[in-house]
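Everything on this sheet refers to the single structure shown next.
Basis for what follows: all heavy atoms, side chains included, without hydrogens, waters or symmetry-related copies. Computed from a predicted model, the values in this text were never measured in an experiment. The chains referred to below are lettered A, B, ... by the order of the sequence lines, with proteins before strands, and numbering in each begins at 1.
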Amino acid sequence: MASVSSQPQFRYTQPPSKVLHLRNLPWECTEEELIELGKPFGKVVNTKCNVGANKNQAFIEFADLNQAIAMISYYASSSEPAQVRGKTVYLQYSNRQEIVNNKTTADVAGNVLLVTIEGSDARLVSIDVLHLVFSAFGFVHKITTFEKTAGFQALVQFSNAETASSAKNALDGRCIPSYLLPEHMGPCTLRITYSAHTDLSVKFQSHRSRDYTNPYLPVAPSAIDGSGQLSVGVDGKKLEPESNVLLASIENMQYAVTLDVLHMVFSAFGPVQKIAMFDKNGGVQALIQYPDVQTAVVAKEALEGHCIYDGGFCKLHISYSRHTDLSIKVNNDRSRDYTIPNTPMMNPQPSILGQQPASAVGAAPQQYGGVQYAQTPTQPTMHHPPPAGWGPVPPAQSMPMQGHNPPPYMQQGTVPFQMGPGMMHGAGHPGLPHPPHMPPYQSQ
DNA sequence: AGCACA
């Protein structure tokens with residue numbers, strides 16, 4: 001009747017739907033319990049439990065609208081309320097006509113993981129740390145993070161369900177290794193389910209979202225500072241996401257700084273895996289890759305602001321790169337992969353300088369004197385994967401070098417920096433022009 | 001006790 005439809009309705013009534021919305025359920029109510037509840041009234045074709053902030057809501061979908069109406073009608077006039085485990089359950093028609101993302105989405109493997117980071121400091125976990133953690137299992141295409149009632153969450157997109165499930169199996173319920181987290185942070189536990197997403201939409205590189213397949217995606221202005229590095233200020237504190245790859249720029253470069261010089265300087269802190277040099281903004285920059293974040297942190301703190309040569313020449317400015325694994329296409333005078341054994345090096349040269357700790361870059365810069373360098377174009381002692389004794393640790397520095405162990409969930413061969421060339425997947429986009437002064441591996 | 005993954 002037309003006159004009825006225009007009448008005001010009760011505030012909380014809904015038009016009928018095959019889908020019923022249930023609330024006040026006991027926590028972690030099961031699908032079986034929902035089916036038990038609905039079965040007397042018809043065929044339950046789908047359910048969704050643990051809905052809402054308190055996980056105490058659910059949906060039941062009947063095969064037929066009349067079955068849903070029968071259930072609502074029954075309990076509307078019954079003296080006994082609907083109950084699950086003795087707890088009164090409130091029913092109404094859902095405002096949707098079908099359950100979307102039915103319960104199987106949490107169980108069917110997909111290429112995108114929904115990650116909930118638990119812990120009082122969960123929101124301090126940077127997207128870069130998440131990237132590092134998940135990259136151990138395969139190329140991570142994209143990450144988005146967001147705050148939900150469930151807490152701080154991230155969606156992590158892999159190439160396929162296989163790599164996603166290996167990450168899920170290894171990481172679900174595990175804590176992020178503390179050395180990847182800012183100091184004084186409590187434990188952060190990862191809870192992982194599959195997302196129904198297959199391809200995340202990332203518009204900007206920012207502190208909340210990243211697309212690692214598209215190096216030329218614009219960076220959100222809010223996420224960068226003057227040096228072009230991400231610096232997310234949480235409670236006003238500057239948080240530079242740490243990385244195992246350092247970006248070094250060289251100021252006042254009166255003398256040539258070669259790959260070998262950089263290798264020698266940075267090797268004092270740990271095995272240098274890869275170096276890539278390139279020109280940017282009229283200067284020289286280099287990416288230096290260590291096997292782990294911790295070594296990079298130590299090197300950065302020791303070297304930042306120091307000069308390679310006496311007299312204030314070749315001053316190093318070091319920040320963390322967002323890369324975790326450089327893709328070295330060819331070993332030459334600007335790029336080198338030291339992890340590949342038996343790779344013929346160009347210009348093999350005798351070693352110089354021995355094991356001078358690089359903390360002495362400032363203290364004993366004459367070791368790297370320009371003249372000496374010019375006369376003996378350098379080749380550090382290491383041609384191959386770093387030997388066990390890759391050099392003394394600068395004694396004056398406090399260097400927790402014990403941390404070369406992989407985090408507990410990482411198995412040999414799956415650590416991020418041993419990932420194959422897929423890591424820098426975006427580098428080879430055929431249709432994308434490389435910006436000037438930007439080598440193909442350089443994402444920003 | 002009031003609707004699902006940004």
**OP:** Figure out the CZ/P separation between A:Arg191 and B:dC5, and round it to whole Å.
**Re:** 17 Å
Subject >> Distance in angstrom units between A:Asn50 CG and B:dC3 C1', rounded >> reply: 14 Å
Original post:
Backbone N or O of A:Pro215 within a donor-acceptor pair of the A:Gln205 side chain at under 3.5 Å?
Top reply: no
**OP:** Indicate the atoms forming the closest heavy-atom contact of A:Asn111 with A:His197, along with that distance.
**Re:** OD1-O, 3.7 Å
Original post:
With no hydrogens and no angle check, is any side-chain donor or acceptor of A:Ser267 less than 3.5 Å from a backbone partner on A:Met264?
Top reply: no
Subject >> Distance in angstrom units between A:Asn56 CG and B:dA4 C1', rounded >> reply: 13 Å
Original post:
Separation of A:Ile127 atom CD1 from B:dA6 atom C1', in whole Å?
Top reply: 12 Å
**OP:** Would you mind telling me which residue lines up with the more 5' stretch of DNA chain B, A:Tyr90 or A:Leu114, judged by nearest nucleotide?
**Re:** A:Tyr90
**OP:** Start with the C-alpha distance between A:Asp199 and A:Lys142, add both sets of side-chain angles, then the distance that settles side chain to side chain contact (heavy atoms under 4.5 Å, CB included), and finish with yes or no.
**Re:** CA-CA 8 Å; A:Asp199 190 19; A:Lys142 302 174 185 177; 2.9 Å; yes
Original post:
Of the candidate nucleotides B:dC5, B:dC3, B:dA4, which contains the atom at the shortest distance from the side chain of A:Ile99?
Top reply: B:dA4
Original post:
Counting only non-hydrogen atoms, which of residues 58-89 of chain A are less than 4.0 Å from DNA chain B?
Top reply: A:Phe59
Original post:
Are any of A:Arg96's side-chain N or O atoms less than 4.0 Å away from OP1 or OP2 of B:dA4?
Top reply: yes
**OP:** Grab the NZ-P distance between A:Lys142 and B:dA6 for me, whole Å please.
**Re:** 17 Å
**OP:** To the nearest 0.5 Å, tell me how far A:Gln67 CD sits from A:Lys18 NZ.
**Re:** 10.0 Å
**OP:** Would you indicate what A:Tyr93 reaches in the nucleic acid, counting non-hydrogen atoms under 4.0 angstrom: base, sugar-phosphate, or nothing?
**Re:** base
Original post:
Can you check whether A:Ala63's main-chain N or O pairs, donor with acceptor, with A:Lys43's side chain at less than 3.5 Å?
Top reply: no
**OP:** With rounding to the nearest 0.5 Å, note down the distance linking CG in A:Leu326 to OG in A:Ser335.
**Re:** 9.5 Å
**OP:** Round to the nearest Å and state the distance from A:Asn54 atom CG to B:dA4 atom P.
**Re:** 13 Å
Subject >> Residue A:Ala196, side-chain atoms from C-beta onward, closest of B:dC5, B:dA6, B:dA4 >> reply: B:dC5
Subject >> Protein-nucleotide distance (A:Asn95, atom CG; B:dA4, atom P), rounded to Å >> reply: 8 Å
**OP:** Could you work out which one of B:dA4, B:dA6, B:dC3 sits closest to the side chain of A:Leu200?
**Re:** B:dA6
**OP:** Look at the side chain of A:Ser195 and decide which nucleotide, out of B:dC3, B:dA4, B:dC5, has an atom nearest to it.
**Re:** B:dC5
Subject >> Interatomic distance where OH belongs to A:Tyr194 and C1' belongs to B:dA4 [whole Å] >> reply: 21 Å
